[in-house]
Amino acid sequence: FVTKRGHAKILDFGLAKVGAPGGSSSKVMAGVTQTMDEAHLTSPGTMVGTVAYMSPEQVRARELDNRTDLFSFGAVLYEMATGDLPFQGESSAVICEAIMNRAPVPAVRLNHEVPPKLEDIINKALEKDRNLRYQHASEMRSDLQRLKRDTDTGRSAMSTVSVGEESSVSPGQGSSDLRKAFSAGHATPSEPKNRFLIRIATVATVVVFVIGGFFWKARKPTTPVATSANPTTVAVLPFQNMGADKDTDFLRLALPDEIATALTYVHSLSIRPFATTSKYSGPSVDLQQAGQEMHVADIVTGHYLKEGDQIQITLEAVDVANNRTLWRDTMTAAAPDMIAMRNQITEKVRQGLVPALGAGAESAEGATRPKNEEAYDLYLRSVSLPHDSAPNKEAIAMLERAVGLDPTYAPAWGALGPRYYYDSHYSNGGPEMFQRSIAALERALILDPDLSEAASQLIADRVEQGEMGKAYKDAAALVARHPENAMSHFALSYVLRYAGLLDEAARECDTALSLDSGNYSLRSCGLIFDELGKTDRAMDFFRLDMGSGFVASNLPPHFLRAGKLAEARESATKISADDAYRQIENVCVDHQSPSAPDPELDKLVSQIGPMFIADPDPENRYWDGALMASCGQKDLALRLLKSAIDGRYCAGTALNTDPLLASLRRPPEFPQILSAAKECQEKFLAERAQAAQ
């Protein structure tokens with residue numbers, strides 16, 4: 001801080017380390033080694049401090065010397081002369097990339113009164129190659145004193161501050177934001193140019209490295225520790241690959257997935273699922289805006305750089321409301337040793353990240369750990385593969401190999417279950433893959449009962465298999481354990497919608513959306529509201545995944561239910577007619593209430609009708625029946641509805657509220673279907689009552 005007499009006072013060295021014996025730091029720091037445990041000093045390989053003032057070698061977690069401080073001081077000089085930081089960005093990853101690879105905007109462009117000599121001093125201090133930088137503070141001091149002398153034609157009394165002998169202290173690796181401390185650094189229109197330069201040069205000649213990277217530690221100790229009743233909401237975003245090695249791109253998703261998984265075991269934290277966070281990818285993401293959109297208190301992000309056989313990973317936690325860094329740490333691991341890397345990450349999460357997030361001293365470790373290097377590598381690589389048919393099959397092959405090599409690692413089984421499910425429903429896997437999904441999920445939960453995503457998927461599988469009582473019991477227990485988790489409420493809504501209790505299901509969906517308003521996995525809640533005839537609310541859920549194949553295929557019947565025939569036809573034309581179902585949906589939407597039989601539609605119905613009946617998911621049979629009812633195929637529609645109810649898609653409410661079934665409510669067969677739906681629902685209610693005992 002600058003005193004009233006114009007003296008600069010060092011209040012805090014921030015971060016410090018012991019220099020090599022005989023170096024410039026040995027005299028003063030020798031006393032430190034007598035009173036401080038070496039474990040509490042800044043260590044090589046650990047990136048701490050304020051990112052915007054770090055040197056390139058510090059970003060890379062290299063061995064540091066006094067030249068890193070001169071780079072940081074150059075950043076302070078730049079800020080004093082221009083009012084801006086030399087390296088800026090929306091996230092630490094962007095700032096680090098700029099520090100390593102980009103030149104700052106010339107100071108004279110931001111402040112025309114900066115003389116060439118001062119700009120030369122700043123540029124030399126900010127050299128990325130430390131061998132071309134100032135090698136000693138005395139060199140920099142001499143240049144600044146020379147600049148001061150050359151411009152000192154109208155100095156005031158306050159500028160006669162003597163500069164003592166150069167400090168032999170080796171200050172911290174990283175300097176703080178001095179914007180407030182040196183707010184006098186800007187020249188005003190009425191201020192003489194020379195006085196402005198004198199003030200900068202006078203203050204700058206005292207090598208000030210203050211208020212380092214430990215400022216963030218003050219935040220969390222005063223923050224109330226979160227409890228499971230009032231959990232802290234956290235989102236872990238995709239990481240940035242700062243290097244050119246594309247073979248490590250899979251870590252962009254694999255690393256945050258590993259961290260998010262670890263955090264789910266801390267019950268006082270509520271972790272947003274990948275379905276919510278995955279879209280916030282790239283260096284230009286505004287973390288504060290992303291956090292506000294996801295309704296989270298904190299965001300965890302990071303980046304990594306592979307050089308040779310080493311990979312450096314930086315983790316960072318950001319307080320969304322205050323837009324400030326809560327915690328940051330860097331680790332270096334051998335790139336081929338993924339298990340060792342995971343262990344380091346888990347330890348950083350447990351010892352540093354969890355306390356910084358205000359959570360209690362809970363374990364951030366799952367019930368099982370990977371034991372086979374190849375198996376764990378395959379598991380990590382599978383995380384980044386999409387769920388489209390071909391890459392999903394590739395992921396299945398990876399995960400099957402992984403569980404074969406390491407059959408006790410629960411997350412691999414938990415990842416394999418949904419992959420089998422997608423292959424069964426959206427590819428050619430069929431019933432065999434559906435049964436494999438159930439078996440994999442059951443195996444995962446035996447190994448680790450706290451895998452909530454596996455539990456949610458298994459509930460859905462049981463529902464579609466007709467095990468309604470068991471599914472409801474598991475879903476209710478999941479909500480009781482994780483009431484703050486949107487997917488817990490979605491799992492319960494899934495059971496209730498198959499049971500035909502649409503009003504209860506809708507309430508669970510509303511709760512899920514209020515807890516996690518960006519989760520595209522909640523999209524199928526739109527089906528519930530469409531069946532209730534509440535098409536405006538249905539669209540709120542479809543918008544969560546607008547543009548996906550799922551939503552695209554459901555928009556035509558959605559618009560039909562809303563009475564918007566033009567929109568239904570327009571949306572139907574945008575669906576790829578690559579299979580019989582897509583063709584019949586297009587034709588059916590285009591021929592609403594035909595005045596005469598449609599040969600094309602009749603032909604398609606005869607071809608695809610048996611496929612509709614054979615669909616293993618009873619909800620699909622209901623939806624196919626509703627579509628057939630809308631385009632006059634009453635016989636097939638009634639058969640499909642009866643088949644859906646027989647498969648335990650009770651549909652008791654939907655039969656009376658679904659707008660697409662209006663034409664079916666007159667035939668004599670409809671009361672029989674209503675009666676069957678009522679029996680289906682009563683059976684479920686009895687099972688629910690038994691489960692509650």
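The shown structure was predicted, so the numbers you read here are calculated from the model rather than taken from an experiment. Values reported hereafter were calculated over all heavy atoms of this structure, with side chains retained and with hydrogens, waters and symmetry mates removed.
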Between [X] (side chain only) and [Y] (backbone N and O only), is there a donor and an acceptor less than 3.5 Å apart?
X      : Y      : value
Arg272 : Met294 : yes
Ser424 : Gly429 : no
Thr301 : Leu237 : no

Nearest 0.5 Å please: distance from the SG atom of Cys650 over to the CE atom of Met468.
5.5 Å

Supply the atom-to-atom distance Gln681 CD to Ile645 CD1, rounded to the nearest 0.5 angstrom.
10.0 Å

Cation over ring, Arg523 on Phe550, under 6.0 Å and within 45°?
yes

Measure from NZ or CZ of Arg497 to the centre of the six-membered ring of Trp623, then state whether that distance is under 6.0 Å and the direction lies within 45° of the axis.
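No; the conditions do not both hold, so Arg497 does not lie above the ring face of Trp623.
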
Please determine whether the number of non-hydrogen atoms from other residues, nucleotides or ligands lying under 6.0 Å from atom [atom1] of [X] exceeds 12.
X      : atom1 : value
Asn656 : CG    : yes
Gln292 : CD    : yes
Lys683 : NZ    : no

Pair [X]-[Y], side-chain donor/acceptor within less than 3.5 Å:
X      : Y      : result
Glu531 : Tyr622 : no
Asp249 : Asn241 : yes
His295 : Thr233 : no

I'd like to check the ring pair (Phe, Tyr, Trp, His ring centres under 6.0 Å) partners of His387; sequence neighbours left out, ordered by chain and number.
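With sequence neighbours excluded, His387 shows a ring pair (Phe, Tyr, Trp, His ring centres under 6.0 Å) to Tyr422, given in chain and number order.
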
Does the salt bridge (Lys or Arg N to Asp or Glu O under 4.0 Å) test come out yes or no for Arg507 and Asp503, once each step is laid out?
CA-CA 6 Å; Arg507 285 194 292 272; Asp503 290 325; 5.9 Å; no

Could you walk me through whether Met398 and Leu385 satisfy the side-chain contact (heavy atoms from CB on, under 4.5 Å) test, starting with their C-alpha distance in whole Å, then the side-chain angles of each, then the deciding distance to 0.1 Å, before giving a yes or no?
CA-CA 10 Å; Met398 288 182 174; Leu385 293 176; 3.9 Å; yes

Glu400 vs Tyr420, side-chain hydrogen bond (donor to acceptor under 3.5 Å, both in side chains): CA-CA, chis, key distance, verdict
CA-CA 10 Å; Glu400 286 180 337; Tyr420 281 144; 2.6 Å; yes

Quick one: side-chain hydrogen bond (donor to acceptor under 3.5 Å, both in side chains) partners of Ser384, sequence neighbours excluded?
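Residues passing side-chain hydrogen bond (donor to acceptor under 3.5 Å, both in side chains) with Ser384: none at all.
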
Is there any side chain to side chain donor-acceptor pair (under 3.5 Å) pair reaching into residues 451-467, and which pairs are they, with sequence neighbours excluded?
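Of all non-adjacent pairs touching residues 451-467, those that pass side chain to side chain donor-acceptor pair (under 3.5 Å) are Tyr421-Glu464, His425-Glu464, Gln435-Gln465, Ser437-Asp461, Glu442-Arg462, Gln457-Asp461, Arg462-Glu467, Glu464-Tyr494, Gln465-Glu467.
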
Any chance you could lay out the salt bridge (Lys or Arg N to Asp or Glu O under 4.0 Å) test for Asp540 and Arg537, step after step, and finish with the verdict?
CA-CA 5 Å; Asp540 291 338; Arg537 184 56 172 165; 3.0 Å; yes

Can you tell me how the ring of Tyr409 sits relative to the ring of Tyr379, calling it parallel under 30°, perpendicular over 60° and tilted otherwise?
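If you compare the ring of Tyr409 with that of Tyr379, the planes turn out perpendicular.
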
